[in-house]
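Okay, structure first, notes after.
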Amino acid sequence: MNQRLERWRARRAEHLAALPWLVTDAAGPRTVRYVGDELLAVDEHYDDARSAVSAQGKSAADLIEDEPLPGVRRIRARGLDPLRAARRVRERAGDVQVGPNHVLLGTPHWQGGPFGRPVVSAAATLAVPGAQAPVRVAVMDTGVWSDSPLPVSRYTVGASDYETNTDADGDSVIDSDVGHANFIAGVVLQGTSQARVRIVKVLDSFGVGTELDLAQKVATLDDTDILNLSLGGYTADDQPPVLLRWALNRFLLGRDRLVVAAAGNDGQAGPPFWPAAFAGAGVAWKDQVIAVAAHDGTAVCQWSNTGAWVSVAAPGADVVSTYINHPEFTTGWAAWSGTSFATPHVVAAIAEAAHTGGVVAAAKQVLSGTAVSFAGYPAIS
């Protein structure tokens, strides 16, 4: 492995290690990350959460409490163990919505394997936009880099959703996830002329964000048909992350909407990677979550997560899309790999099928209409 590629792969780990609020639990087969000293609870389980915090010797004077979303409480205290508190509540009261504020990561394939960092590529072709693209797609991800071959006329973005620095840690190397949102949007716009794309920043330039960050942004969506989430993480005991469950329930239940989410790139077979794993969870809206594994045209990629909760496989190896204009990327286009980029392939296919109807019906059509399967999953090309 050349030293530059090795350095590229190590940089997100270094960034994570430098975050003073981050707790990493790598004792099991997968790594669980969450915000230290912080517990989240929906209102109806607030008393249970307070009781679990008190059981750790924390008094009211030790606590800082707020309501980051209507109906959601956050309890913070120095030395609080949110995993132990959540387990205590679950043991006493069953399936309740109390848990840590999990840390979520973007899902380009950068950890091991033959791919790693993006590499410069010749330009591909975006679909010609329709006169009125009817399907509204939100890409919640890194900020968008404005200096890019991704045409500014093909997406909308808020003033706070731009990426403004390609090298936040000042080490003269592009941060690991810069251009991630540009790349995802480009995959969507290559695959369909029927989508209007909105980019919303929830991850930093290293692809790091929190469950609360994501839930707060999901709560603002009122003009979205398909939500692309090329990010995720694991939870202790494989329990659903409580705040994402709460937020997605409000976003999806009783509406013609979809979440299309990446299955992750750890080569794990079975352990749920959230939010994609809601596709196999016991929630009323599970059929409105599409979990996407990556294939290379012949098989599911060995680094792609798999499991009974995965819905579909899509191209994820050496995908070509819009990246950033930069001296290292002279064309502005790149080839990159990961379930991050398999996910917008599925979004594009559903948008293309949905221009004459609803997105939930279109998803069923896309998943049932494939002629090829890999590892038992329907596979789109």
Side-chain angles (χ1 to χ4, degrees), residues 9 12-13 16 24-34 102-116 140-141 176-177 180 183-184 187 203 207-209 211 214 227-241 244-245 248 259-281 283 286 289-319 336-347 367 370 373-380:
R9 290 176 174 170
R12 184 195 270 173
L16 290 168
T24 300
D25 180 357
R30 57 240 176 237
T31 300
V32 179
R33 298 180 176 90
Y34 56 93
H102 291 95
V103 170
L104 307 172
L105 303 181
T107 52
H109 182 60
W110 61 274
Q111 65 274 46
F115 301 108
M140 284 196 170
D141 208 86
S176 64
D177 284 51
H180 195 243
F183 201 99
I184 290 163
V187 174
L203 303 176
V208 181
E211 182 180 348
L214 180 56
L227 174 56
N228 186 110
L229 294 176
S230 292
L231 51 80
Y234 300 100
T235 61
D237 304 325
D238 293 337
Q239 296 297 309
L244 281 187
R245 177 178 173 180
L248 294 179
V259 168
V260 184
N265 307 320
D266 301 296
Q268 293 279 347
F273 185 83
W274 308 94
F278 280 113
V283 290
K286 66 180 183 179
V289 179
I290 311 298
V292 186
H295 72 69
D296 62 5
T298 60
V300 171
C301 299
Q302 63 178 1
W303 41 260
S304 175
N305 288 350
T306 56
W309 45 272
V310 170
S311 312
V312 64
D318 295 324
V319 178
W336 210 350
S337 298
T339 56
S340 272
F341 315 126
T343 300
H345 273 287
V346 178
V347 170
L367 268 60
T370 62
S373 66
F374 296 132
Y377 308 127
I380 67 171

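Just so it is clear, the model here is predicted, and its values are computed rather than measured. Below, all heavy atoms of this structure are taken into account, side chains as well, without hydrogens, waters or symmetry copies.
Side-chain contact between Leu105 and Arg33 is present, with heavy atoms from C-beta onward closer than 4.5 Å. Residues Val312 and Tyr377 fail the side-chain proximity criterion, which asks for heavy atoms closer than 4.5 Å.
Checked against salt bridge (Lys or Arg N to Asp or Glu O under 4.0 Å), Arg245 has the following partners two or more places apart in sequence or in another chain: Asp95. Evaluation of the salt bridge (Lys or Arg N to Asp or Glu O under 4.0 Å) rule for Asp238 yields Arg30 as partners, not counting sequence neighbours.
The ring of Trp274 has its center no closer than 6.0 angstrom to the ring center of His102.
In the model, His180 has a side-chain atom that pairs as donor or acceptor with a side-chain atom of Ser340 under 3.5 Å.
Nearest heavy atoms, Cys301 versus His295: SG-C, 3.6 Å. Considering all non-hydrogen atoms of both residues, Val292 and Ala314 come closest at CG1-CB, 4.0 Å. The nearest pair of heavy atoms linking Ala313 to Val300 is CB-CG2, 4.4 Å. Among all heavy-atom pairs drawn from Ala294 and Ser304, the shortest one is N-OG, 3.1 Å. Here the closest non-hydrogen pair linking Leu367 and Pro378 is O-CB, 3.5 Å. For the residue pair Ser337 and Asp318, the shortest heavy atom distance occurs at OG-N, 2.7 Å.
If you take CG on Leu229 and CG on Asp141, they are separated by 8.5 Å, rounding to the nearest 0.5 Å. Separating the CZ atom in Phe273 from the CH2 atom in Trp309 is a distance of 7.5 Å, to the nearest 0.5 Å. Taken from CG in Leu244 to CG in Leu104, the straight-line distance is 6.0 Å, to the nearest 0.5 Å. Note that the OH atom of Tyr234 and the CD atom of Gln268 stand 4.5 Å from one another [nearest 0.5 Å].
Between the side chain of Asn305 and the backbone N or O of Ala263 there is at least one donor-acceptor pair closer than 3.5 Å. Counting only distance, with no hydrogens or angles, the side chain of Thr370 and the backbone of Ile380 share no donor-acceptor pair below 3.5 Å.
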- Task: Walk me through it: do Asn228 and Thr343 pass the test side-chain hydrogen bond (donor to acceptor under 3.5 Å, both in side chains)?
- Result: CA-CA 7 Å; Asn228 186 110; Thr343 300; 5.4 Å; no
- Worked verdict on Thr235 versus Asp237 for side-chain hydrogen bond (donor to acceptor under 3.5 Å, both in side chains): CA-CA 6 Å; Thr235 61; Asp237 304 325; over 6 Å; no
